[in-house]
Amino acid sequence: MKRLFTTLAVLFVGTITMATAQQANERPIYLDPDAPIEERVEDALSRMTLREKMAIIHAQSKFSAPGVPRLGISEIWCTDGPHGIRPEVMWDEWDQARWTNDSCIAYPALTCLAATWNRDCALSYGRSIGEEARFRDKDVLLGPGVNIYRTPLCGRNFEYMGEDPYLASEMVVPYVKGVQEQGVAACVKHYALNNEEQHRHTVDVSLSDRALREIYLPAFKAAVTEGGAWSLMGSYNKYRGTYACHNHRLLVEILKQEWGFDGAVISDWGGVHSTEEAIHNGLDMEFGTWTDGLREGASNAYDNYYMALPYLKLIESGEVGTEELDDKVRRVLRLTFRTAMNNDKPYGAMCSEAHSLAARQIAEEGIVLLKNHNNNLPIAPDAKRILVVGENAIKMMTVGGGSSSLKVKYECSPLDGIRNYYGDDVEVLYARGYVGDVTGDYNGVVTGQNLVDKRSPKRLIAEAVEMAREADHVIFIGGLNKSNNQDCEGTDRRSLDLPYNQDAVIEELAEVSDNLTVVFVSGNAVAMPWIDEVESVVQVWYLGSEAGNAIANVLSGEVNPSGKLPFTFGVKLEDYMAHAEGAKFPNPKKVFYHDGIFVGYRGFEKREIEPLFAFGHGLSYTTFEYSNLQLSATEAVAGNRIDETILEATVTITNRGDRAGKEVVQLYISDVESSVIRPKKELKGFEKVELQPGESKTITFSLTPEALAFYNENSSSWTVESGEYRVLISASSADIRLDKSFTLR
Ligand code: BGC
């Protein structure tokens, strides 16, 4: 028996309440904060002139749209996103405006948030950054980003939530809700298929419908249908020949008709290329189309936008009606009433102690202990001399990387964090080890650090090795940075290897130290040819303002690590299916995703390639025992709803060590027999539990047909087949602890 779940097409239908004649002294409905939003929208729409309508659907400056001054309808102000609130920029230029009161708290990059596997962290992240956006009077936060980690070379992976659609979906929803509680719209980006950077403005992506639906769209869908996102950003690339910012299939058919999105589609900055397509294919607001400030000779360069005078002309000549325009205007007004003209929104806060605490807690929960031979970590309490080596121990990482670059109130470096933690009790020495990129500025925000070091690589290594001989514990802190061709928007990495001679530094340190810990500051996987020679490896991501404090807390054992990888670390590049058989990357023109649904662990498992570190992997300073997996039935029946619970799985987790700790318990589903090829298993549930030494907790997972479904390209719908399914309870995708089957009738 086969069941078909046809995706519900929910067409948004606004309540049409034409503006009634108002009494002269009566407050118009659109200004009444207590009136239902749809009534306010219709009332405002009915009062606007054609030119006013045209004005609110495109920018008036780099980051704002004008509203309707005559009617007192507010401007809309956007800000990047997604890790902190971007410093103010000039009206028409990217350069910072040199305000002195726009420094923010930098939160950990979204890869770190995903690595917490903790929905509460995502909620506190959204609330905290939303409060800062609100305090700075922003209406739209340009984030979070949920593009899927298809290849470790994508320069922008650090801004996203990893390779798995279920994990990204679960984490994006609380983030969106937390932001929007503050009366600030989340703008989920970059919809869709922006999986490489170098040629993001030209690449034309094609892929199977199944891969689109199963891998690349779920997190966007969750952000919209569960998170209730008020805005969404189109991506730069094309999808099947048409730019994503005005792509009928993505924006009209899927986003608006199927998912019932009632918010505004905002273009990526400079992502619009055609007035006709923008009119008909679902774009609502145009931003960032190139203007040379106001030096173009036009009275207002923004009039040259695709959705400005060119659109107006088409309407005035009768070539295009106003139906599409009214739909766009309604969406912009709805966004305005939800944010800028929302009288119920809180006041927000900037750089509060609570924000620093949230940033630190998220950072601590996202740090992943990848390897820990001989319990090398935490650092022994009797260590008297610690040597820290590497540029990333001292380099500011909140400046650079593209539009997510920040001007921070403070940033605690790893070295400072370690020194602060140990105070005078332990001697903490530093050696540079290698020189990476010593620059540090982005659009006028400068780190002020002088990292220039002219010594030769040989001398730098020799110095570090000499000092390592005398140290009780050596901590190498390296990885990538936010420079071009590292973790950086607009460029991609050129290989999986560590840059700047770091492999040589690590290898030489490993020769003289039996207590070597390698710490990676990065948003991407790197190759580790020396993995067997080092004792510990810790993945710490870009952690923002509280980086050093969080790292010191984990290395010292003050905090027990509990992060798990949100993407697979391969041994070599070709291990990733996107790069198999020498596939070209990046692609300037056309690319077909030949890896289909086999992204990340799905691809590694299909080709039986052992990863360096598996998706979902992460160690702790304690050990957890998994026991007593029970299914509520051995047979289940799928009802009519895809999201109805059909079965429960319970499992007991016990902390068998002598430290408190948190464990992420993962549930994967394996379809034993299927009419189509399926991944060996797929993540369909997870819970993070905190346990004291000796403590046990029982976790219950609810399973729905959705967890068993695949996207059926023949029927263009989600299909659940009857038969046997395995429930795998795991500590990572490669570490299955318990396993039980049930049959779906
Ligand atoms: C980026 C977006 C960003 C926008 C505004 C674009 O280049 O792709 O993510 O929000 O600029 O800064």
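We number each residue from 1, following the sequence as shown. Keep in mind it's a predicted model, so treat the numbers as computed, not measured. Both counts, for ligands and for their atoms, begin at 1 and track the order of listing.
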Exercise. For a salt bridge (charged side-chain N to carboxylate O under 4.0 Å, His left out) with R150, tell me which candidate from D164, D595, D492 qualifies.
Key: D595

Quiz item: Do D102 side-chain atoms and E88 backbone N/O form a donor-acceptor pair below 3.5 Å?
Solution: yes

Practice problem: May I ask you to list the atoms of ligand 1 that are less than 4.0 angstrom from any heavy atom of R156? | Solution: 1 (C), 2 (C), 8 (O), 9 (O)

Quiz prompt | Interfacing atoms of ligand 1 (cut-off 4.0 Å, heavy-atom, S403) | solution = 1 (C), 2 (C), 3 (C), 9 (O), 12 (O)

Quiz item: What atoms of ligand 1 come closer than 4.0 angstrom to any heavy atom of L142?
Solution: 10 (O)

Quiz item: Which is closest to atom 5 (C) of ligand 1 in terms of heavy atoms, D80, T79, V89, N194?
Solution: D80

Quiz prompt | E489 neighbourhood, listing ligand 1 atoms whose heavy-atom distance to it stays under 4.0 Å | solution = 1 (C), 6 (C), 7 (O), 8 (O)

Quiz prompt | Per-atom contacts of ligand 1 with K189, taking only distances under 4.0 Å to non-hydrogen atoms | solution = 2 (C), 3 (C), 9 (O), 10 (O)

Quiz item: At what distance is the nearest protein heavy atom to atom 7 (O) of ligand 1, and which residue and atom is it?
Solution: Y236 OH, 2.7 Å

Practice problem: May I ask you to establish whether K62 and W94 are in a cation-pi arrangement, using a distance under 6.0 Å from NZ or CZ to the six-membered ring centre and at most 45° from the ring axis? | Solution: yes

Quiz prompt | Taking atom 4 (C) of ligand 1 as the reference point, the nearest protein heavy atom with its distance | solution = D268 OD1, 3.5 Å

Quiz prompt | ligand 1 contact on E159 by region, counting heavy-atom pairs under 4.0 Å | solution = neither

Quiz prompt | Test log, rule side chain to side chain donor-acceptor pair (under 3.5 Å), inputs Y410 and S356 | solution = CA-CA 10 Å; Y410 70 94; S356 295; 2.8 Å; yes

Exercise. Supply the atom-to-atom distance I56 CD1 to S74 OG, rounded to the nearest 0.5 angstrom.
Key: 11.0 Å

Practice problem: Could you tell me whether K62 approaches ligand 1 through its side chain, its backbone, both or neither, with non-hydrogen atoms closer than 4.0 Å? | Solution: neither

Practice problem: Any atoms of ligand 1 less than 4.0 Å from a non-hydrogen atom of R86? List them with their elements. | Solution: 12 (O)

Quiz item: Can you tell me if W230 uses its side chain to pair, donor with acceptor, with the backbone of V184 under 3.5 Å?
Solution: no

Practice problem: Could you label the plane-to-plane angle of the F615 and W117 rings as parallel, tilted or perpendicular, counting under 30° as parallel and over 60° as perpendicular? | Solution: tilted

Quiz item: Taking heavy atoms and a distance under 4.0 Å, where does F287 meet ligand 1: side chain, backbone, both or neither?
Solution: neither

Practice problem: Establish, from distance only, whether the side-chain atoms of E411 and S545 form a donor-acceptor pair under 3.5 Å. | Solution: no

